[in-house]
Visitor: 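Sending over a structure as structure tokens; questions will come in a sec.
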Amino acid sequence: GDVYKRQIIYKLYYYSNIIVDWTFWGYFLFLIIYHLFIDKNIPIFLSYMFFLLLGLYLGYKLARCAYDYLKNNNGKQY
């Protein structure tokens, strides 16, 4: 029970970069296909989902850049 839950949480944390990347770019590709082949007007809900995933993607990238910067320059004063 508890060990299994901890393993799932660890795997989600470990693969979170891949999960966020694939989710955002897969949804972006879905919207392009929807726009080109199904309907020119994208429903408002799909548009809101895009901006939600865009915010997650950009926020995750910013957090990773800040983490890498702090890891490479640990405690250096400028």
Visitor: Which heavy atom of V20 sits nearest to which heavy atom of Y60, and what is that distance?
Guide: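 Smallest heavy-atom distance, with atoms named: CG1-CB, 4.2 Å.
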Visitor: Give a yes or no on this: more than 12 heavy atoms of other residues, nucleotides or ligands lie within 6.0 Å of atom NZ of K11.
Guide: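 No, not enclosed.
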Visitor: Determine whether Y57 and I19 fall in the same hydrophobic cluster, where Ile, Leu, Val, Met, Phe, Trp and Tyr are linked whenever their side-chain heavy atoms lie under 4.5 Å apart.
Guide: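 Unlinked, Y57 and I19 end up in two clusters.
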Visitor: Is it the case that one hydrophobic cluster holds both F24 and L62, taking links as side-chain heavy atoms less than 4.5 Å apart, direct or via other members?
Guide: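 Cluster IDs for F24 and L62 differ.
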Visitor: Are Y13 and Y67 in one and the same hydrophobic cluster, where Ile, Leu, Val, Met, Phe, Trp and Tyr link if side-chain heavy atoms are under 4.5 Å apart?
Guide: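 In one cluster with Y13: Y67, no.
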Visitor: CD of Q7 to CG of D2: how many Å apart, nearest 0.5 Å?
Guide: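 Those atoms lie 10.5 Å apart.
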Visitor: Verify side-chain contact (heavy atoms from CB on, under 4.5 Å) between S47 and F51, making sure each step is shown before the conclusion.
Guide: CA-CA 6 Å; S47 174; F51 285 110; 3.8 Å; yes
Visitor: Indicate, with yes or no, if Y48 and L29 share a hydrophobic cluster defined by side-chain heavy-atom contacts under 4.5 Å among Ile, Leu, Val, Met, Phe, Trp and Tyr.
Guide: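 Different hydrophobic clusters.
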Visitor: Taking all atoms of both residues into account, what is the closest heavy-atom pair of K40 and H35, and its distance?
Guide: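 Closest heavy-atom pair between K40 and H35: O-ND1, 2.9 Å.
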Visitor: L31: which residues meet the side chain to side chain contact (heavy atoms under 4.5 Å, CB included) condition with it, sequence neighbours left out?
Guide: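 Partners of L31 by the side chain to side chain contact (heavy atoms under 4.5 Å, CB included) criterion, ordered by chain and then number, come out as Y27, I42, L46, F50.
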Visitor: Please tell me whether I9 and Y14 are part of a single hydrophobic cluster in this structure, the criterion being side-chain heavy atoms less than 4.5 Å apart.
Guide: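 The answer is no; the residues belong to distinct hydrophobic clusters.
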Visitor: Roughly how far, to the nearest 0.5 Å, is the OG1 atom of T23 from the CD1 atom of I18?
Guide: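 Nearest 0.5 Å value for the CD1-OG1 distance: 11.0 Å.
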